[in-house]
Structures are given as structure tokens and as C-alpha cells.
Amino acid sequence: MSGTARQFELIGAPFDGASTLGYPGSRFAPTRIRQQLGWITQRVERGEVFSLETGALHAAPRLGDGGDAEVVAHDLMATLDATSARVSRSVREGNVPILLGGDDCFLYAGSKGLHDATAGSVAVIHFDAHLDVMDRNAQQGTHSQSSGMRRALELPRASAAHSIQVGLRHFNFPSSRAYLEDAGLARITAAEYSRIGTEAAVERILARVAGAEHVHLSFDIDAIDPAHAPGAGALEPGGLTSREAIEAIMALAPHCDSFAVTEVNPMTDHQDMTATLAAYLCYYFAVFGQDRAER
């Protein structure tokens, strides 16, 4: 482990212009997640926070708020460029960026931001109910909430051989199956995750990303079952529980160089349940990711 705790930077991406399917409204998520983070961080005393999971006092993470990326409401490509550049700047300044979407087009922007600010291979850990490997179609074009993983893996140093998707379920396009086979992209479906449990799933994820020089962790909130996250861009029954998600983030955080939470939708949320969960995922990532694991 590193002797110096890492510094984290929140970056908002208040844009849902790529929500061509499902519910729009995730543009309001960065504000709501930040509000719920305020509820969590007020428990810090004398630079420490008490974790009931570990029973220990942990140093409060250095968690700054860098404001919002310069999104352009009418221009998806300008928004992706600006957001990826903002993530890159954060990495170059020595931070671990935590990107608050916005819709899941930011899977691509977050991956590109880390990729462009570093040298060497980049792996993507992608929690999602959906594959997001669409190439193009008439309704969604080439860069939408359904194509982020495919576009991310087209980056020159992105490594499909070290990337993995987690929480997948239900049905998808036959063309997506062909892409997965060609790319060799690994996956743990929600059903398999439930069978093997979080500890075994995390072991498989870490074995997959081992050897990559940098790792981006992107978490579409619909990876979680709607019973735990009702305010999502799409509601897909049979997902991960909130407890499974929290424990996975705790274990994966030391191995990741950037993080994104996407598709939280305050317009369909119930009493901020989903925004609160997203805020906790961010805070767990920062608390337990303060020391980067050696590779």
C-alpha cells in the first residue's frame, strides 16, 4: 500500500441528452448526490470517521468538489469531449476523479479521461444491467447511453482482455453477443453474482484486471435491483442488492484509478433512496480507496 493517502475530486456531469431509451432526468443527479454526501460527511470528527463495517476509525478521505464539467445541453459530442478533458485534468493534477452522471454516455467519457491522462493499458470494470456495446443505429447514433462500453474499448490503449462487465441481466441484441465473442469481454451476470456471492465475484474481477496499468470503475445504478434503487434510467428486476454493491466497492476501490456513478434519476426516485445509495457508493470508494493497491 502507498504511504500517502490519495486525494479524490468530485466532478458533476449534469447531462442526460444521450438518454434515448428509458427515463430522462439524470441531469439533476449530481446536485442530489452532493446533497446526500453532505449527510454522510457530517459524521467526520477530528479528521476521522468510524466505520461500523470494520469496527475501526478511518482517516476521513480528502474529498474535494471540483464543480461540474462544462456540459453543452444541445451537443452530445461537445459534452463528451469537455467531460473527458475535465476528468483528464483531475488525473493530471494528482486526483482520483469521481464522476457524477448524468446518463451512461459518461462511461465513455470517464474511461477516455483516464486513458488520455495516463500511459499504459486501461481496463474498465463496468457494473450495469445492460451491455452498452451497441455500435450504431438510427435512433441512438454512435455515442449514446447504449454504446459507452464499445466506444471505451475502442480507445487505443483500452484493454478488453482486462475488462469485465458485472450485473448484466435479461435480454439484448444478437449483434451484441457477436461483439462480446469477438472482443473476448468477460462478464458476471446478476444471476451468477447472486450464486457465487460478492467475495468470489470480486476475486474474479481483480483477476481479470490484473496486469492492466490503470482501471476505471463505472457504476450504472441500474446494476442494482429497482427495489434498492427505484430512481434509475431503466428499471430491470433481478439486480444486485445495495449491500452487495457497497461491499464490492469497498473491495475494488484500492485497485481503481477513477470512478463514475451514472443513471441516477431524481425525477423517478423515491425519497432520495437512489441518490443516497449513489452518495454512499462514492463515499465508500473514497474511504476504502485511500491507499492504492500495488500492482
Side-chain angles (χ1 to χ4, degrees), residues 11-22 24 26-27 29-30 68-73 75-91 97-118 121-137 139-160 162-168 172-173 175-176 179-180 183 185 187 209 212 214-223 233-234 256-264:
I11 301 170
F15 176 89
D16 56 18
S19 295
T20 48
L21 299 173
S26 58
R27 71 185 69 181
D68 291 340
E70 294 183 2
V71 304
V72 183
D75 193 329
L76 170 60
M77 299 310 297
T79 293
L80 292 174
D81 288 344
T83 305
S84 63
R86 182 65 185 84
V87 170
S88 289
R89 190 181 99 195
S90 182
V91 174
I98 297 177
L99 183 62
L100 309 176
D103 67 56
D104 207 24
C105 69
F106 294 110
L107 165 60
Y108 168 68
S111 302
K112 187 175 189 296
L114 177 63
H115 173 277
D116 290 355
T118 57
S121 58
V122 175
V124 181
I125 303 172
H126 176 213
F127 279 76
D128 202 324
H130 309 102
L131 292 168
D132 291 1
V133 296
M134 177 179 288
D135 188 13
R136 67 184 68 226
N137 72 12
Q139 293 297 320
Q140 296 183 283
T142 58
H143 290 72
S144 72
Q145 63 183 169
S146 297
S147 59
M149 190 62 167
R150 187 166 185 145
R151 300 285 89 91
L153 293 179
E154 290 171 350
L155 295 166
R157 286 174 285 102
S159 175
H162 292 97
S163 297
I164 187 167
Q165 298 182 291
V166 185
L168 306 166
N172 216 288
F173 304 101
S175 57
S176 295
Y179 173 81
L180 294 177
L185 187 58
R187 55 193 183 274
V209 302
H214 306 281
V215 179
H216 176 60
L217 172 54
S218 189
F219 202 109
D220 185 324
I221 208 69
D222 70 25
C256 298
D257 303 288
S258 55
F259 182 49
V261 177
T262 64
E263 295 287 351
V264 174

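Computed from a prediction, not measured in an experiment: that's the story for all the values here.
Proximity of a side-chain donor or acceptor of D16 to a complementary backbone N or O of S26 within less than 3.5 Å is detected. Between the S88 side chain and the G113 main chain, a donor and an acceptor come within less than 3.5 Å of each other. Q165 contributes a side-chain N or O that, together with a main-chain N or O of L131, makes up a donor-acceptor pair within less than 3.5 Å. With D103 contributing its side chain and A18 its backbone, the two residues share a donor-acceptor pair below 3.5 Å. Remark: side-chain polar atoms of R89 are not paired, donor with acceptor, to backbone N or O of S84 under 3.5 angstrom.
Distance CG/D135 to OG/S176: 10.0 Å, rounded to 0.5 Å. One distance of note links CG of L100 with CD1 of I11; it measures 8.5 Å at 0.5 Å rounding. With values rounded to the nearest 0.5 angstrom, D104 atom CG is found 10.5 Å from M149 atom CE. With values rounded to the nearest 0.5 angstrom, F106 atom CZ is found 6.0 Å from T79 atom OG1. Atom NE2 of H115 and atom OG of S258 lie 12.0 Å apart (nearest 0.5 Å). Rounding to the nearest 0.5 angstrom, the gap separating the NZ atom in K112 from the CG atom in L107 is 14.0 Å.
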Show your working on side-chain contact (heavy atoms from CB on, under 4.5 Å) between I125 and V215 and close with a plain yes or no.
CA-CA 7 Å; I125 303 172; V215 179; 3.7 Å; yes
Determine whether V124 and H214 satisfy the following criterion, side-chain contact (heavy atoms from CB on, under 4.5 Å), listing intermediate values before the conclusion.
CA-CA 9 Å; V124 181; H214 306 281; over 6 Å; no
Test side-chain contact (heavy atoms from CB on, under 4.5 Å) applied to I164 and H126, step by step:
CA-CA 6 Å; I164 187 167; H126 176 213; over 6 Å; no
Does the side-chain contact (heavy atoms from CB on, under 4.5 Å) test come out yes or no for E70 and V72, once each step is laid out?
CA-CA 7 Å; E70 294 183 2; V72 183; over 6 Å; no
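Scanning both residues, A13 and T83, for their nearest heavy atoms gives CB-CG2, 4.4 Å. Listed here is the closest heavy atom pair of V264 and A29: O-CB, 3.3 Å. Nearest heavy-atom pair across A212 and A123 is CB-CB, 3.6 Å. The shortest non-hydrogen separation linking A158 to A152 is CB-O, 3.2 Å. Looking at every heavy atom in both residues, P14 comes nearest to V71 through O-CG2, 3.8 Å. Closest approach of D68 to G12, counting heavy atoms only: OD1-CA, 3.2 Å.
Annotation: E154, atom CD; neighbour count of heavy atoms from other residues, nucleotides and ligands within 6.0 Å is above 12.
Side-chain contact between T118 and R157: present, with at least one pair of heavy atoms (C-beta onward) separated by less than 4.5 Å.
Test L99, L217, V122 against L114 for side-chain contact (heavy atoms from CB on, under 4.5 Å) and you get one pass: V122.
A salt bridge is defined here as a Lys NZ or Arg NE, NH1 or NH2 lying under 4.0 Å from an Asp or Glu carboxylate O, and R86 with D81 fails to meet this definition.
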